[in-house]
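First comes the structure, then the notes that go with it.
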There are 2 protein chains.
Amino acid sequence: MKPIPTRTVERLFRYGQLLHAKKEAGAEAVFSRELAQAVDVSPEQVRRDLMNFHLKGTPQQGYPVEQLLRKLYEHLETQAATKIALLGVGNLGKAILSYFLRRRPNLSIVAAFDTDPEKAGRVYAGSQVYHISQLEKIAARENITVGVITVPAASAQQSADLLVKAGIRAILNFAPTQLQLPREIYLENIDITLSIEKAAYFSRKSGTDRRHGK
Amino acid sequence: MKPIPTRTVERLFRYGQLLHAKKEAGAEAVFSRELAQAVDVSPEQVRRDLMNFHLKGTPQQGYPVEQLLRKLYEHLETQAATKIALLGVGNLGKAILSYFLRRRPNLSIVAAFDTDPEKAGRVYAGSQVYHISQLEKIAARENITVGVITVPAASAQQSADLLVKAGIRAILNFAPTQLQLPREIYLENIDITLSIEKAAYFSRKSGTDRRHGK
DNA sequence: AGAGCAACGTTAATTGATTCACGTTATTTG
DNA sequence: CAAATAACGTGAATCAATTAACGTTGCTCT
Ligand SMILES: NC(=O)c1ccc[n+]([C@@H]2O[C@H](COP(=O)([O-])OP(=O)(O)OC[C@H]3O[C@@H](n4cnc5c(N)ncnc54)[C@H](O)[C@@H]3O)[C@@H](O)[C@H]2O)c1
Ligand SMILES: NC(=O)c1ccc[n+]([C@@H]2O[C@H](COP(=O)([O-])OP(=O)(O)OC[C@H]3O[C@@H](n4cnc5c(N)ncnc54)[C@H](O)[C@@H]3O)[C@@H](O)[C@H]2O)c1
């Protein structure tokens, strides 16, 4: 199977959201136009995206919800749940921990790490917090593949290096720093301050009807 | 002045981060290559971005830090601080409130709102929390132009409508929903779950050296 | 059963962003 | 002082992503 572009993957996940809702509601089929609206793109874009895995829809009903969902998740998810480690149990880290507590069965934050001896050993929001020195051992034992960085910017690179050494394959970085990583590690940055700055900027530029966001 | 593309604006803000650091360190000049590394793009990209506002650099020194910073912020920021309202003082909302407490002088969250009568009237992380019914009044009084949505997904559209009614110009939305808004309102979505899903996805696809994030 | 049509599937055209390539310029060096 | 050089400025080429166009398909209706 040919690799699917990042932007497309993002949309596929978002189609998934609507499809779940549709399925809950008992709908059998869905039109490209509905999917398009839910993700704020054109129906052509949707059809093009779905081409990536040869899904057939019919003109009258659109795409069969059940089958589409199955095919989508066949590509987007593994059988086994993805195991995630979070580094930095501060304000943001705790918010994320509490949110992911049994929200998505296939995505679970199985361990949190911090340098603060006060936090290590305790349980926050249902997650065991370990001292950072335990990372490599636990990552190997639990087969953790994704790391979330919510430490202060000054420690972010160091945390990233530890994650790489521990064998993780992808990093979600909330610190406002550009991490230097081996090219085979997937990196996604979420810079909340930057996003607010952008919003502030465009709030002043009138009439620009741009739509953005990961 | 011609409008600057969104992607470029984002990079400009990030150049700003390095420039601040350079200035602190007492550097007089900076090369496109340095800026490029800090943002993970090519030097050509940097030079092209800076073309947007006719900044002249010299081959030997590069760009004058002081002047570049000034010109950058002339375009990126207003004189007056941007005033921000946050809706939904939950886990995530509180983390953001505490983070923005006098972090950036030009970006301040001046009021927070919630429906929960327990929260309204109290002060969280240095911010006064009001009942949502006060939004329109306070937004007008304080001249708030940006709204941050950290309410549950089910309430997000309703919150967005209130913000628009209150006259804000840009929204930063953390709820996993596609908001329907008038075209003149700038919208930026941050979907943390989606970002984690993407990271999980690409952690399995080997060798893709993609770099992403708002 | 055939006309109408609404939405799909796909190819082609367009748009936009990034990279390439190269001429220009301000030092530094022999 | 001319040659070398290192980085800038920018037009042209490339590349990726989106949009447009259009033939195809499988119902519905008369
Ligand atoms: N909270 C927000 O809304 C917000 C907004 C924008 C950016 N950020 C970024 O997110 C990151 C975290 O923000 P926060 O508000 O949660 O900060 P915080 O100070 O509340 O939490 C940081 C946590 O990381 C721990 N830590 C420090 N060094 C560590 C290390 N080397 N290894 C492991 N743990 C370590 C600290 O003990 C602390 O618990 C920062 O980089 C910040 O810039 C946060
Ligand atoms: N916390 C995270 O890490 C995280 C991760 C991914 C997505 N999100 C999204 O961010 C949003 C907030 O998440 P959270 O974890 O902070 O939730 P939360 O339940 O902790 O907080 C929600 C807050 O919003 C308030 N609220 C509810 N309806 C409201 C309304 N109509 N107007 C104003 N306030 C209202 C509630 O009283 C509560 O204080 C949700 O949409 C969630 O899906 C959060």
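Each chain gets a letter, A, B and so on, in the order its sequence line appears, and its residues count up from 1. Hydrogens, waters and symmetry mates are skipped; everything else that's a heavy atom, side chains included, is used.
- Following rounding to the nearest Å, A/Gln45 (CD) and C/dG9 (C1') show an atom-to-atom distance of 15 Å.
- Not a single donor-acceptor pair under 3.5 Å links the side chain of A/Ser155 to the backbone N or O of A/Val151.
- Applying a 4.0 Å cut-off to non-hydrogen atoms, none of the residues of residues 30-38 of chain B approaches DNA chain C.
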Do A/Lys22 and A/Glu28 pass the salt bridge (Lys or Arg N to Asp or Glu O under 4.0 Å) test, and can you show the C-alpha distance, the side-chain angles, and the key distance before you say yes or no? CA-CA 8 Å; A/Lys22 276 269 171 189; A/Glu28 304 253 314; over 6 Å; no
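- Under the rule for a side-chain contact (heavy atoms from CB on, under 4.5 Å), the partners of A/Thr150 that lie at least two apart in sequence or sit in another chain are A/Leu86, A/Leu92, A/Ile96, A/Val148, A/Phe174.
- Remark: A/Tyr63 pairs with no residue by the ring-ring contact (aromatic ring centres under 6.0 Å, His included) rule, at least two apart or across chains.
- Remark: the B/Arg48 side chain and the D/dT10 base include no donor-acceptor N/O pair separated by less than 3.5 Å.
- Computed from coordinates, the A/Leu12 CG to D/dA17 P distance equals 13 Å when rounded to whole Å.
- In this structure, the side-chain contact (heavy atoms from CB on, under 4.5 Å) partners of B/Gln67, at least two apart in sequence or on a different chain, are B/Pro64, B/Arg70.
- Looking only at distances, a side-chain donor or acceptor of A/Arg14 sits under 3.5 Å from a matching main-chain atom of A/Val39.
- If you check C/dT19, C/dA17, D/dT19 against the side chain of B/Pro5, the one that comes closest is C/dA17.
- Residue whose closest nucleotide on DNA chain D sits further toward the 5' end, between B/Met51 and A/Asp49: B/Met51.
- In this structure, the CG atom of B/Leu50 is 11 Å from the P atom of D/dT10, given to the nearest Å.
- Between the side chain of B/Arg7 and the base of C/dG16, no donor-acceptor pair of N or O atoms lies under 3.5 Å.
- For B/Thr78, the side-chain contact (heavy atoms from CB on, under 4.5 Å) partners are A/Arg204, B/Thr82, not counting sequence neighbours.
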Give every pair of a protein N or O atom and an N or O atom of nucleotides 22-30 of chain D that lie under 3.5 Å apart, one pair per line with the distance.
unit_1, atom_1, unit_2, atom_2, d
D/dG26, N2, A/Gln60, NE2, 2.8

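- Here B/Tyr15 and B/His20 keep their ring centres 6.0 angstrom or further from each other.
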